[in-house]
Asks: 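Sending over a structure as structure tokens; questions will come in a sec.
Excluded from the calculations below are hydrogen atoms, water molecules and symmetry mates; all remaining heavy atoms, backbone and side chain alike, are included. Since we're looking at a predicted model, the values are computed, not measured. Start at 1 and go down the list; that is how both ligands and their atoms are numbered.
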Amino acid sequence: MKSGQYIYNVNYNEQDYNLCAFEVKALFDDELENKVLFTNKEIDPSVSPFLKNRIKIIYKKKTFHEILDSILADDFRANDFMVQYVAMYKRDPNISQGKKLSKEAGLRIYGYPSFQSPKIMLGITYYQDYWYFGYLKQNNFKWRAHKQKPYSFSSALGVNMAKVLINVASRGDTSKRLIDTCCGVGTVILEGIFAGYDICGWEINPKVAELARLNLTHYEYNAKIVTGDMKDIRDFYDVVIVDLPYNNFSHFDGEKQWSIIRHAKKIANRMIIVTSADIRENLYAEQLKIMDYCRAEKTIKGDFVRYIWICEN
Ligand SMILES: C[S@@+](CC[C@H](N)C(=O)[O-])C[C@H]1O[C@@H](n2cnc3c(N)ncnc32)[C@H](O)[C@@H]1O
């Protein structure tokens with residue numbers, strides 16, 4: 001059985017399975033076998049479209065009563081706290097008992113509870129024959145407001161994919177300096193800022209670059225959007241994200257795209273490239289190491305397909 005300091009659960013729509021598994025692998029270096037993960041890595045669930053809850057485990061016991069006994073024995077103290085039962089998977093037999101279980105645990109905690117605006121969230125859950133109690137962090141879903149950004153266009157990515165790009169780029173390390181070289185209306189930049197990254201964008205089309213700036217201003221986010229050709233970028237970054245323009249890989253546009261990829265190679269050792277076609281042979285030909293890739297579909301019918309390539313020099 002897997003173990004770790006943290007227990008997380010994920011949820012996704014059927015068509016997002018690949019995207020979720022790809023993100024989990026990049027963040028936790030783990031396979032998505034089911035919807036529950038044990039790991040020592042601390043990630044805020046709100047940076048992800050798929051992570052729902054994280055419990056930092058304090059007690060792991062065979063019975064719920066042993067959890068209650070441990071709270072009492074340790075004289076567990078907290079103020080402005082709230083205890084919540086978290087169902088980590090659909091068929092959790094305790095879901096209907098959740099309120100009662102939370103109350104029983106809460107009554108054994110020394111301190112004042114707060115149900116309106118708790119400062120400390122505590123979680124209880126049951127998974128594969130064990131009970132867990134610990135500090136709970138939940139996805140706040142505030143990022144969903146970005147779905148209504150004021151300006152968009154047909155080539156803009158969805159919010160889920162934009163969040164995954166940030167996470168696979170950084171592997172959850174918020175100290176990484178990121179750049180989105182063809183940032184369009186700033187969909188990826190918004191998620192980068194939301195998750196706390198130093199990220200900037202370049203966009204060749206002045207009107208589109210201005211829309212990206214207006215989108216950022218709308219959410220009171222601060223990031224530099226440079227109007228210009230990404231081939232003029234001279235700084236070096238930890239990771240470059242390239243949502244390729246002219247995304248049909250026609251003969252006509254091919255050279256433009258490869259010139260973008262070749263320049264991206266010069267400004268970071270790690271690259272996240274988004275394409276509408278399978279370009280693996282070309283990436284090999286460019287001497288790029290493909291570390292992982294994902295084929296993501298936006299609808300079950302598969303009429304919107306994007307490949308995300310993680311490459312290193
Ligand atoms: C696929 S769109 C990016 C969409 C973006 N991810 C979003 O969600 O808004 C590609 C963008 O790259 C821009 N572009 C094309 N060539 C460029 C270049 N050489 N340097 C910078 N931007 C470029 C296009 O104007 C277009 O807005």
Asks: Applying the ring pair (Phe, Tyr, Trp, His ring centres under 6.0 Å) criterion to Tyr132, which one of Phe38, Tyr126, Tyr127, Tyr6 satisfies it?
Replies: Phe38
Asks: Give the numbers and elements of all ligand 1 atoms closer than 4.0 Å to a heavy atom of Ala156.
Replies: 7 (C), 8 (O), 9 (O)
Asks: Do Tyr221 and Asn215 pair up side chain to side chain, a donor and an acceptor below 3.5 Å, judged on atom types alone?
Replies: no
Asks: At a non-hydrogen distance cut-off of under 4.0 Å, which region of Asp180 contacts ligand 1 (side chain, backbone, both, or neither)?
Replies: neither
Asks: Between ligand 1 and Leu157, is the shortest N or O to N or O distance under 3.5 Å?
Replies: yes
Asks: Test side chain to side chain donor-acceptor pair (under 3.5 Å) on Asn269 and Glu312; report intermediate values, then the result.
Replies: CA-CA 6 Å; Asn269 288 329; Glu312 289 186 4; over 6 Å; no
Asks: Hey, is ligand 1 close enough to Trp202 that some N/O pair sits below 3.5 Å?
Replies: no
Asks: Run the contact test for Gly228 against ligand 1 with a 4.0 Å cut-off on heavy atoms, strictly below, and give the result.
Replies: yes
Asks: Check each atom of ligand 1 against the heavy atoms of Leu244 and keep those under 4.0 Å away; list them by number with element.
Replies: 1 (C)
Asks: Heavy-atom pairs closer than 4.0 Å: do any link ligand 1 to the side chain of Ala212, the backbone, both, or neither?
Replies: neither
Asks: Quick check: are there more than 12 heavy atoms from other residues, nucleotides or ligands sitting under 6.0 Å from CZ of Arg91?
Replies: no
Asks: Within a distance under 4.0 Å of any heavy atom of Cys183, pick out the atoms of ligand 1 and give their elements.
Replies: 5 (C), 7 (C), 9 (O)
Asks: Is it the side chain (CB and beyond), the backbone, both or neither of Val274 that lies under 4.0 Å from ligand 1, heavy atoms counted?
Replies: neither
Asks: Kindly identify the option in Gln257, Met230, Lys149, Glu203 whose heavy atom sits closest to atom 24 (C) of ligand 1.
Replies: Glu203
Asks: Ring pair (Phe, Tyr, Trp, His ring centres under 6.0 Å), that's the test. Do Tyr8 and Phe28 meet it? Break it down for me.
Replies: CA-CA 11 Å; Tyr8 293 81; Phe28 301 110; 4.9 Å; yes
Asks: Considering only heavy atoms of Asp229, which atoms of ligand 1 have at least one such atom less than 4.0 Å away?
Replies: 18 (C), 19 (N), 20 (N)
Asks: Hey, does Val188 come in under 3.5 Å of ligand 1, counting only N/O atoms on both sides?
Replies: no
Asks: For Ser48 and Glu23, does a side-chain donor sit closer than 3.5 Å to a side-chain acceptor?
Replies: yes
Asks: Do Tyr12 and Tyr17 have their ring centres less than 6.0 Å from each other?
Replies: yes
Asks: Show which atoms of ligand 1 fall inside a sub-4.0 Å distance from at least one heavy-atom site of Thr181.
Replies: 21 (C), 22 (N)
Asks: Can you sort out which atoms of ligand 1 are near Lys231, meaning under 4.0 Å from one of its heavy atoms?
Replies: 19 (N)
Asks: Trp309 and Tyr307: aromatic ring centres closer than 6.0 Å?
Replies: yes
Asks: Using 4.0 Å as the upper bound for N to carboxylate O, is an ion pair formed by Lys100 and Glu104?
Replies: yes
